[in-house]
Amino acid sequence: MSTKTKTLTKQEAFFEYLVRLADDRLILGHRLSEWCGHGPILEEDIALANVALDNIGHAASLYEYAAEVEGEDRHRDDIVYFRNDPEYKNLKMVELPKGDFGFTIARQFLFSAFSFFLYQGLAKADDEQFSGMAEKHLKEIKYHLRHSREWVLRLGDGTDESHQRMQDAFDGIWTFTGELFYMDEVDELLIDEGLGIDTSVFREDWKNLVTDVLEEATVTVPDFDQYMAEGGRKGLHTEHLGHLLAEMQHLRRSYPDAVWE
Amino acid sequence: MSTTTTTYSKKEIWRWLQEVTDPEIPVLNVVEMGIARDVTIDEEKIIIKITPTYSGCPAMSAIEKEIKVKLAEKGVENFEVKKDFSETWTTDWMTEEAKAKLKDYGIAPPGKTTADDDFLKSLKSTKVIPCPYCESLDTELQSEFGSTACKAQYYCHDCDEPFEHFKCI
Ligand SMILES: [Zn+2]
């Protein structure tokens, strides 16, 4: 990697910011969609498919807006299907395999709680279309937070096995939670422009919410100051993303002119 | 060769839009749903602004397409259907007639949305939704997610019927 000396323009930064947000939601949506037909009970199968659709819907509108900001006449699908893993900027947390239901729920809860605070901020961004989108997504994120929180409580404070699985899930994913609050020059520039959010502002609120729910669920809260993995925002991913993209992109790349009719 | 857009009146366009229904809830049209927000006509083209309901709603692209088909059918040549996010769709935009139609269709309609500043505190609370069949208040939320993005699943303990509720957002 060459060291960057070039300074970002506002337009470049905004495009990057939108794509990062969209990548998180697309990849998470894809992981959730893997539950379709495999949910532990019918209601959950339907719920996870709905949450997957919401996330993919959020991603679609963010990519569409990113393409507009970029102004190069790209379709949102070009951004989705014709980038390779180093060009994807999602958090590592969302690309991890879906695991058992407990793992999916742990991730869903931690990410939805983070999104809840982030999108409250974005809903006040100094851009009518972007803030409107964020406000809309926030309404749905609240449902996702409510849904995942209930399952954390039910399973954490459930049977010995469900409790152990919830504990293992949080212990396993914990090292990926620090990256939620990763910020770099893209964020800094956009915070100055009133388009981005300084996530350190709500870090304590997020920790408190997570701590409250985990304690109520009798899950031992892992150490917030332990070693944290990062790299996703720079395109450095786990081996899992490549496999996910291969599956997601294969059809479109094999038949680039195919259209839905 | 092109017909000028100014030969059309806004009223006419709105009437045509009322002929376009939601594929998932065929008793409602896109005007009473609050999806079609604005019609503007200038010399060059007619612009119809639509606001998406739920982000993940697969019906949205179908609705967009059906609006285009409808206008084409009516002979309009120059038009654009534009997605607008500047205002956030809410179930409060659904007309009272629309809510009554929903109920007749067997879907418990959304109530008024309430500001939920204390959302975190109210994480647990769920509202009482009357059964659309027997009006009973003895109903229970089964899942916040139903057959489509906009609906939750409930169960009525009085008439022992499952029913769907159009969530208020
Ligand atoms: Zn009833």
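All heavy atoms count here, side chains included; hydrogens, waters and symmetry mates do not. To find a chain, count down the sequence lines: A is the first, B the second, and so on, and within it residues start at 1. Small disclaimer: the values here were computed from a predicted structure and weren't measured.
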Where is the tightest heavy-atom contact between [X] and [Y], given as atom of each residue plus distance?
| X | Y | answer |
| --- | --- | --- |
| A/Lys139 | B/Ile169 | NZ-C, 3.2 Å |
| A/Gln129 | B/Phe85 | OE1-N, 3.0 Å |
| B/Glu144 | A/Tyr143 | OE1-CE2, 3.2 Å |

For atom [atom1] of [X], decide whether the heavy atoms of other residues, nucleotides or ligands shown that lie under 6.0 angstrom number more than 12.
| X | atom1 | result |
| --- | --- | --- |
| B/Lys82 | NZ | no |
| A/Asp73 | CG | no |
| A/Lys98 | NZ | yes |
| B/Gln18 | CD | yes |
| A/Arg165 | CZ | no |

Chain B heavy atoms under 4.5 Å from [X]: which part of the residue, side chain, backbone, both or neither?
| X | answer |
| --- | --- |
| A/Glu140 | side chain |
| A/Glu44 | neither |
| A/Phe116 | side chain |

Under 4.5 Å from any heavy atom of chain A - which part of [X]:
| X | answer |
| --- | --- |
| B/Thr53 | backbone |
| B/Cys168 | backbone |
| B/Thr51 | neither |

When you measure from the side chain of B/Lys83 to the backbone N and O of A/Ser61, does any donor-acceptor pair fall under 3.5 Å? no
Taking B/Gln153, B/Glu87, B/Gln142, B/Lys167 one by one, which has the highest count of heavy-atom pairs under 4.5 Å against chain A? B/Lys167
Output the option from A/Glu128, A/Met133, A/Lys136 having the highest count of non-hydrogen pairs under 4.5 Å with chain B. A/Lys136
Could you tell me which of A/Gly132, A/Ala113, A/Ala52 has the largest number of non-hydrogen atom pairs under 4.5 Å with chain B? A/Gly132
Between CG of A/Asn50 and OH of B/Tyr54, what distance do you get to the nearest 0.5 Å? 10.0 Å
